[in-house]
Visitor: 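Just passing along the structure, written as structure tokens.
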Amino acid sequence: MENSPVHIPDLSSEFVFQASRSSAPGGQNVNKVNSRVELRFHIADSQLLTDEQKQILLVKLSSRLTNDNILLISSQNERSQFQNKKNCIEKLYALLQKTLTPRKKREATKPSKASIEKRIQEKKRTGEKKNLRGKIDL
């Protein structure tokens with residue numbers, strides 16, 4: 001199986017946003033404006049994801065989900081609520097892409113004869129170096 005990207009549909013209709021006061025840059029503006037944005041995405045209730053995708057997300061993202069299987073992503077880096085909202089959406093799609101992309105299977109390989117010989121020679125050299133550190137008999 002290749003490590004190719006998975007197609008993720010446009011999920012924007014299933015996002016729920018909530019804004020709150022941010023502790024990020026903004027000076028006095030921070031105290032008045034709700035610029036921190038929190039994106040809530042209910043994985044199990046999604047109509048656009050397949051059952052297989054939902055199962056993979058629920059298993060792999062279990063540590064990031066609430067008790068109701070809601071994925072929370074927040075952003076407060078920017079002064080603008082719109083920019084933070086955009087950041088949240090980008091973070092979510094990046095996370096989904098990374099989670100749903102299948103891992104490439106590792107192919108077992110044998111070390112070459114030359115590399116084995118090189119390793120043994122290096123071990124002998126190290127052992128000899130340590131032997132020379134011992135006390136000298138007179």
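Please read these numbers as outputs of a predicted model, since none were measured by experiment. We're numbering straight along the sequence, starting at 1.
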Visitor: Please check if atom CD in Gln121 has more than 12 non-hydrogen atoms from other residues, nucleotides or ligands closer than 6.0 Å.
Guide: yes
Visitor: Indicate yes or no: at least one non-hydrogen side-chain atom of Leu72 is less than 4.5 angstrom from one of Glu38.
Guide: yes
Visitor: Residues two or more places apart in sequence or in another chain: which of them pass side-chain hydrogen bond (donor to acceptor under 3.5 Å, both in side chains) with Gln83?
Guide: none
Visitor: Please tabulate, for the side chains in residues 88-95, all donor-acceptor contacts under 3.5 angstrom to protein atoms that are two or more places apart in sequence or on a different chain.
Guide:
unit_1 : atom_1 : unit_2 : atom_2 : d
Lys91  : NZ     : Ser74  : O      : 2.9
Tyr93  : OH     : Asp10  : OD1    : 3.3
Tyr93  : OH     : Leu11  : N      : 2.8

Visitor: What distance separates Phe41 CZ from Leu71 CG, expressed to the nearest 0.5 Å?
Guide: 8.0 Å
Visitor: Which Ile, Leu, Val, Met, Phe, Trp or Tyr residues join Leu132 in one cluster when any pair of side-chain heavy atoms under 4.5 Å counts as a link?
Guide: none
Visitor: How about Lys85 and Gln81: do any of their side-chain heavy atoms sit closer than 4.5 Å?
Guide: no
Visitor: Taking side-chain hydrogen bond (donor to acceptor under 3.5 Å, both in side chains) as the definition, give me every residue that meets it alongside Thr99, ordered by chain and number, with sequence neighbours left out.
Guide: none
Visitor: If every non-hydrogen atom of Asn77 is compared with every non-hydrogen atom of Asn84, which pair is closest and at what distance?
Guide: N-OD1, 3.3 Å
Visitor: Restricting to salt bridge (charged side-chain N to carboxylate O under 4.0 Å, His left out), what partner residues turn up for Arg125, sequence neighbours left out?
Guide: Glu122
Visitor: Has the side chain of Ser46 got a donor or acceptor atom that lies under 3.5 Å from a matching backbone atom of Ile43?
Guide: no
Visitor: Would you give the length of the straight line joining atom CG of Leu49 to atom CD of Gln55, rounded to the nearest 0.5 angstrom?
Guide: 12.0 Å
Visitor: Glu107: what forms a side-chain hydrogen bond (donor to acceptor under 3.5 Å, both in side chains) with it, not counting sequence neighbours?
Guide: none
Visitor: Hey, could you give me the CD/CZ distance between Glu128 and Arg133, rounded to the nearest 0.5 Å?
Guide: 11.5 Å
Visitor: Got a sec, which residues hit side-chain contact (heavy atoms from CB on, under 4.5 Å) with Glu52, two or more places apart in sequence or on another chain?
Guide: Thr50, Ile56
Visitor: Any side-chain to backbone donor/acceptor pair from Thr101 onto Gln97? Under 3.5 Å, distance only.
Guide: yes
Visitor: For Ile120, enumerate each residue passing the side-chain contact (heavy atoms from CB on, under 4.5 Å) test, keeping only those at least two apart in sequence or located in another chain.
Guide: Ile116, Lys124
Visitor: In residues 62-70, what donor-acceptor pairs under 3.5 Å come from side-chain atoms, sequence neighbours left out?
Guide:
unit_1 : atom_1 : unit_2 : atom_2 : d
Ser62  : OG     : Val59  : O      : 3.3
Thr66  : OG1    : Asp68  : N      : 3.3
Thr66  : OG1    : Ile70  : N      : 3.2

Visitor: Any chance NZ of Lys60 has more than 12 other-residue heavy atoms, nucleotides or ligands included, within less than 6.0 Å?
Guide: yes
